[in-house]
Student: 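First, the structure itself, so that you have it in front of you.
Nothing fancy with the numbering, it's 1 onward along the sequence.
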Amino acid sequence: MPVPHPSPISGASFSAAELSEDGDAAILLDQRRLPEEEPYVRLLDARAVAVAITDMVVRGAPAIGVAAAYGMAVEAHVHRNDDEGAFLAAMREAGAIMAAARPTAVNLAWAVGEMLADLGAISARPKAERAATLAERARAIHRADVAACRAMGARGAAHIPDGATVLTHCNAGALATGGYGTALGVIRAAKEAGKRIRVLADETRPYLQGARLTCWELSRDGIDVELITDGMPGHFFARGAIDVVVVGADRIAKNGDVANKIGTYGVACLARLHDRPFLVAAPSSTLDPACPNGAAIHIEERASDEVVRIFGRSIAPANVRARHPGFDVTPARLVTRLVTERGDVPGERASELMA
């Protein structure tokens with residue numbers, strides 16, 4: 001029986017993650033099957049949500065944070081009738097499982113921390129209130145992310161010239177957030193402001209998020225988008241065909257170094273070489289003041305098989321392994337503007353947004 005499309009939370013055109021009305025299930029859009037299908041999965045405990053995050057059912061730093069919050073809310077529903085001590089232990093265990101699902105995106109640990117805040121006091125409440133309290137907290141995290149994306153979109157749109165061709169890498173849209181987008185939120189806001197824009201979307205190997213997800217989102221919105229392979233940006237920069245770059249982020253260190261999908265650093269180097277602005281759009285939940293610089297960011301190493309096979313078919317000899325870091329780090333000096341809902345600054349002044 002297919003899971004019905006959930007009603008998006010207020011302010012979101014559509015969402016990668018939602019919580020069922022009675023709080024018993026996290027409902028995730030399985031992004032691995034886009035654009036051919038739009039299936040939703042219904043997950044009933046925190047462990048299932050953590051597996052879905054690891055397996056890329058949902059991806060994108062803010063969306064992972066929202067999904068983690070909903071996973072914690074669902075776990076609270078499972079244990080709603082436990083005694084105080086058992087409830088507290090179950091929620092702490094769920095938090096540890098969830099936080100380990102993917103290590104690079106800081107929004108995941110941030111959302112789990114938000115859900116576990118004051119947990120002792122919540123556990124002491126009447127059983128009927130505990131799950132409802134955490135469900136509302138998770139929905140508040142979701143609403144706040146949509147509001148942050150809309151605010152940063154408006155800020156970022158001011159840096160997009162009318163008539164610009166924008167290059168973006170990976171997917172930093174509604175699918176990667178609570179429902180509006182970071183990099184694509186900037187692009188959406190620019191269009192809503194009446195600017196004429198075109199988008200070049202990197203395909204983003206090996207999961208092809210740019211091809212499957214960014215192109216799907218922008219074409220749905222009627223935004224002019226063309227797909228290019230990951231090896232083509234240099235050619236288009238050299239021809240003067242790119243005016244500005246806008247990307248999202250998975251973690252931003254205190255000094256402004258940015259972890260984002262693998263391949264972002266190369267795009268930033270090309271933008272600097274060709275004197276084009278390189279913008280990073282991210283909510284404040286992606287800022288990590290406890291991380292001093294990019295060298296301290298743990299880069300997730302994913303399975304070799306995800307590179308040597310595409311859609312179940314081998315593209316390399318059987319004895320060949322692949323290196324697969326999921327992310328790279330762009331130095332702050334290459335970030336023209338870091339755009340958040342709190343404000344926007346040059347990358348090297350990121351700490352001003354973390355006070």
Side-chain angles (χ1 to χ4, degrees), residues 3-29 40-50 52-53 58 60-99 101 105-151 174 176-180 283-286 341:
V3 176
H5 188 304
S7 299
I9 205 149
S10 177
S13 51
F14 63 92
S15 298
E18 295 287 345
L19 185 65
S20 64
E21 187 173 349
D22 62 2
D24 69 332
I27 303 173
L28 307 183
L29 173 59
Y40 286 81
V41 295
R42 188 179 177 93
L43 306 176
L44 303 181
D45 59 40
R47 190 177 297 275
V49 175
I53 290 171
V58 60
I64 288 173
V66 171
Y70 285 151
M72 295 293 290
V74 167
E75 193 71 14
H77 186 274
V78 171
H79 294 280
R80 63 193 183 279
N81 292 321
D82 289 3
D83 62 35
E84 182 179 338
F87 180 85
L88 188 61
M91 294 305 298
R92 286 175 173 163
E93 180 183 2
I97 291 168
M98 196 69 68
V106 70
N107 307 64
L108 176 58
W110 172 84
V112 171
E114 290 291 300
M115 292 298 291
L116 292 178
D118 305 318
L119 186 63
I122 292 172
S123 300
R125 291 184 181 181
K127 292 179 180 179
E129 296 180 13
R130 297 184 303 198
T133 298
L134 289 173
E136 178 49 36
R137 182 173 289 183
R139 291 189 175 104
I141 288 172
H142 193 167
R143 287 192 296 269
D145 182 74
V146 176
C149 286
R150 287 190 172 275
T177 65
Y180 187 72
S284 57
S285 58
T286 306
E341 77 278 16

Student: Any chance you could lay out the side chain to side chain contact (heavy atoms under 4.5 Å, CB included) test for Val146 and Thr177, step after step, and finish with the verdict?
Tutor: CA-CA 7 Å; Val146 176; Thr177 65; over 6 Å; no

Student: Test your reading of the model: is there a side-chain donor-acceptor pair from Arg139 to the backbone of Glu136, 3.5 Å cut-off?
Tutor: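 Not a single qualifying donor-acceptor pair exists.
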
Student: Are Val106 and Ser285 close enough that some pair of their side-chain heavy atoms sits under 4.5 Å apart?
Tutor: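 Sidechains of Ser285 and Val106: no contact.
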
Student: Take atom CZ in Arg80; do more than 12 heavy atoms of anything else shown fall under 6.0 Å from it?
Tutor: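 Enclosed: over 12 neighbouring heavy atoms sit under 6.0 Å from CZ of Arg80.
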
Student: Are any of the side-chain heavy atoms of Ile64 and Val66 separated by less than 4.5 Å?
Tutor: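 No; the side chains remain at least 4.5 Å from each other.
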
Student: Give a yes or no answer on whether the side chain of Ser15 reaches the backbone of Gly178 with a donor-acceptor pair at less than 3.5 Å.
Tutor: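 Checking the backbone N and O of Gly178 against the side chain of Ser15, a donor-acceptor pair under 3.5 Å is found.
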
Student: Treating Arg137 as the side-chain partner and Ala117 as the backbone partner, does any N or O pair qualify as donor plus acceptor under 3.5 Å?
Tutor: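 Flag set: sc Arg137 to bb Ala117 pair under 3.5 Å.
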
Student: Yes or no on salt bridge (charged side-chain N to carboxylate O under 4.0 Å, His left out) for Asp118 and Arg125, after CA distance, side-chain angles and deciding distance?
Tutor: CA-CA 11 Å; Asp118 305 318; Arg125 291 184 181 181; over 6 Å; no

Student: What's the verdict on side chain to side chain contact (heavy atoms under 4.5 Å, CB included) for Leu19 and His77, showing C-alpha distance, side-chain angles and the deciding distance?
Tutor: CA-CA 11 Å; Leu19 185 65; His77 186 274; over 6 Å; no

Student: Decide yes or no on side chain to side chain contact (heavy atoms under 4.5 Å, CB included) for Val74 and Val49, but give the supporting numbers first.
Tutor: CA-CA 9 Å; Val74 167; Val49 175; 5.7 Å; no

Student: Tell me whether Glu75 contacts the main-chain N or O of Ala94 through its side chain, where contact means a donor paired with an acceptor under 3.5 Å.
Tutor: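 Pair absent, no side-chain N/O of Glu75 close to backbone of Ala94.
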
Student: Taking C-beta and beyond as the side chain, do Ile141 and Trp110 meet within less than 4.5 Å on heavy atoms?
Tutor: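 A side-chain contact exists here, since the closest heavy-atom pair is under 4.5 Å.
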
Student: What verdict does the side chain to side chain contact (heavy atoms under 4.5 Å, CB included) test give for Tyr70 and His142, after you've listed the backbone C-alpha separation in whole Å, the side-chain angles of each residue and the deciding distance to 0.1 Å?
Tutor: CA-CA 9 Å; Tyr70 285 151; His142 193 167; 2.8 Å; yes

Student: Would you say Met91 and Ile122 make side-chain contact, with heavy atoms under 4.5 Å?
Tutor: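 Result no, sub-4.5 Å side-chain heavy-atom pair not found.
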
Student: Any ion pair linking Glu84 and Arg130 (charged N to carboxylate O, less than 4.0 Å)?
Tutor: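 So Arg130 does not pair with Glu84 through a salt bridge.
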
